[in-house]
*Asks:* 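Could you have a look at this structure, given as structure tokens, before my questions?
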Amino acid sequence: MSSLSEIPIVIDKDFRGNKASAPVRALLEEISNLINILVESNLSGYVDIRSIPLMEGDVEHLKSILGFGEVKAIVDALGVTEVFETAIPGVWWITNRNAQDEVISEFVEVAITPEILKTQHLDLHDAPDIFKKRLAEYVVD
Amino acid sequence: MSKEQTLMELLQKQGVSRRGFLKFCTAMASLMAMPPGVAPAIAEALSKARRPTVIWLSFQECTGCTESLTRSHNPTVENLILDAVSLDYHHTLQAASGSAAEEAREHAMKEAFGKYLLIVDGSIPTRDNGVYSTIAGMTNLQMLEESAKGAAAVVAVGSCAAFGGLPHAKPNPTGAVPVTELVKDKPVINVPGCPPIPVVITGVLAHYLTWGTLPDVDQHNRPLSFFGDSIHDRCYRRPFYDQGKFAKTFDDEGARNGWCLYELGCKGPTTYNACATSKWNNGTSFPIQSGHPCIGCSEPDFWDAGSFYTPLPVPTSDVTTVAATAIAAGAAAGVAFGVYDHHKRKKARQQHEKLTVKDLGD
């Protein structure tokens with residue numbers, strides 16, 4: 001009897017050719033809907049990539065369909081968050097990682113600016129004091 | 001840490017920025033199976049929430065549920081949630097032992113009477129007055145009765161606490177029963193699974209932290225956000241089921257191509273859990289993806305449901321013949337076991353009746 005390690009495992013990634021799988025088509029449909037809402041009403045929306053079961057290669061396929069735009073950002077808070085605007089204006093891909101670099105959530109945000117990139121309102125209140133402190137530390141008269 | 005601190009204050013003391021807090025809330029939304037857009041509302045609620053007292057009682061169990069939670073691969077978020085609650089009593093995790101540990105439990109119960117969250121894992125033996133499992137001289141039965149009195153709500157973690165689990169399997173020598181058979185006057189939520197997925201446990205805790213209530217439940221008291229869909233309905237191998245492509249053995253062509261595992265005994269059609277979407281080990285995989293059929297561990301009495309490797313009741317017609325007939329009749333792509341009855345399936349799903357393949361074919 002052959003051992004498990006001798007059994008080759010082959011994942012047939014090409015069985016559907018270049019055609020998007022049903023889950024990817026469903027996500028694209030949602031994104032399309034949110035784009036229309038953003039254009040018409042200026043309202044943001046989200047599509048959680050993990051909300052539906054995806055097959056091997058689906059996330060990469062979705063990324064390749066949406067493409068890559070001009071903006072890339074890294075947020076360093078409780079681990080790294082990667083943000084990039086896709087080739088479609090207003091459609092952003094957000095990947096939240098924890099301090100161990102594991103993906104804890106991944107979603108598409110359809111918005112003028114992703115929420116995580118905006119300066120938090122309450123932080124703004126602290127800005128004058130932080131600025132004064134840094135001036136005192138770093139500027140020599 | 002003061003229990004009077006809000007969660008926001010607690011996290012800020014740990015050096016978490018507001019942007020980090022928003023990211024934490026986004027992860028919490030994901031844990032609660034809510035859309036990411038809810039994160040600001042969660043942040044608003046959590047910024048005012050105080051630390052709830054949590055007492056965790058471990059009864060007739062294998063400790064797998066605690067292992068599942070503490071071996072979680074999402075330590076930042078889960079640790080933050082566990083840090084956000086005041087876990088005043090837990091056999092495996094606490095430093096105290098002996099009478100000091102029991103005094104901690106009694107003190108926590110007295111201080112937070114009517115407000116603490118009681119988590120139970122393990123079934124409760126009842127035969128012979130419950131002598132088959134005791135802690136500090138008290139039977140599990142006595143401890144549960146005493147601890148449930150002042151609880152705001154009870155969370156039964158794992159299939160043993162939720163449905164009786166393995167100890168409850170025939171012949172059930174200890175008279176093991178689930179929490180719901182003993183606690184009748186408090187809200188009880190079941191988080192079954194053998195063990196449950198960690199994010200499901202922390203998702204329920206996150207919901208309680210955020211809103212101060214337990215989430216909506218199904219007929220088995222399981223949170224709908226995690227147990228609202230069957231494994232079958234969310235399984236990535238479902239297209240193969242619909243096309244009538246099944247693995248017949250664990251190493252044949254079908255198995256290598258990742259086809260449906262129905263014929264190898266998969267209980268996905270009759271099992272409700274989040275395995276197919278949330279998966280295990282931080283979204284790495286789940287049994288079906290790893291090539292093993294679902295064993296139905298989040299359903300009542302799954303240990304007595306027959307072999308894990310015997311298929312669910314089979315249809316009366318040959319699969320290929322019926323599939324061909326369906327296609328010839330112009331039926332929409334769907335179940336290969338006959339004409340697909342959407343109405344009956346939808347009704348059964350709403351009522352969470354267990355479907356058999358025969359039902360799908362009727």
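Throughout, a chain's letter reflects where its sequence line sits, starting with A, and its residues are numbered from 1.
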*Asks:* When you compare the side chain of Asn98(A) with that of Lys23(B), does any pair of heavy atoms fall below 4.5 Å?
*Replies:*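 SC-SC contact between Lys23(B) and Asn98(A) ruled out.
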*Asks:* Answer with side chain, backbone, both or neither: which region of Leu117(A) has an atom nearer than 4.5 Å to a non-hydrogen atom of chain B?
*Replies:*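 For Leu117(A), the contact with chain B is made by the backbone alone.
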*Asks:* Can you name the closest pair of heavy atoms from Gly20(B) and Leu78(A) and give their distance?
*Replies:*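 Closest pair (atom of Gly20(B), atom of Leu78(A), distance): O-CD1, 3.4 Å.
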*Asks:* Is it true that, when you exclude Lys118(A) itself, more than 12 heavy atoms of the residues, nucleotides or ligands shown sit nearer than 6.0 Å to its NZ?
*Replies:*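 Result for NZ/Lys118(A): enclosed.
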*Asks:* Measure the spacing between CD1 of Ile116(A) and OG1 of Thr26(B) and express it to the nearest 0.5 Å.
*Replies:*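 Nearest 0.5 Å value for the CD1-OG1 distance: 6.0 Å.
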*Asks:* Is it true that, when you exclude Asp216(B) itself, more than 12 heavy atoms of the residues, nucleotides or ligands shown sit nearer than 6.0 Å to its CG?
*Replies:*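 Counting other residues, nucleotides and ligands, CG of Asp216(B) stays at 12 neighbours or fewer.
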*Asks:* Which region of Glu109(A), side chain (C-beta onward) or backbone (N, CA, C, O), has a non-hydrogen atom less than 4.5 Å from a non-hydrogen atom of chain B, or is it both or neither?
*Replies:*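 No part of it gets close to chain B.
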*Asks:* Sort Pro36(B) into side chain, backbone, both or neither according to what part of it lies under 4.5 angstrom from a heavy atom of chain A.
*Replies:*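 The answer is both parts of Pro36(B).
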*Asks:* Give, as side chain, backbone, both or neither, the part of Thr119(A) having an atom under 4.5 angstrom from any heavy atom of chain B.
*Replies:*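 For Thr119(A), the contact with chain B is made by backbone and side chain together.
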*Asks:* With a 4.5 angstrom heavy-atom cut-off, is it the side chain or the backbone of Asp126(A) that approaches chain B, or both, or neither?
*Replies:*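 Just its side chain gets close to chain B.
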*Asks:* What is the minimum heavy-atom distance between Arg19(B) and Gln120(A), and which atoms define it?
*Replies:*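 Closest approach of Arg19(B) to Gln120(A): N-CG, 4.1 Å.
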*Asks:* Any side-chain heavy-atom pair from Val38(B) and Tyr46(A) closer than 4.5 angstrom?
*Replies:*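 SC-SC contact between Val38(B) and Tyr46(A) ruled out.
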*Asks:* In terms of heavy-atom pairs under 4.5 Å with chain B, which of Asp123(A), Asp48(A), Ile94(A), Val75(A) leads?
*Replies:*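 Highest number of pairs under 4.5 Å: Asp123(A).
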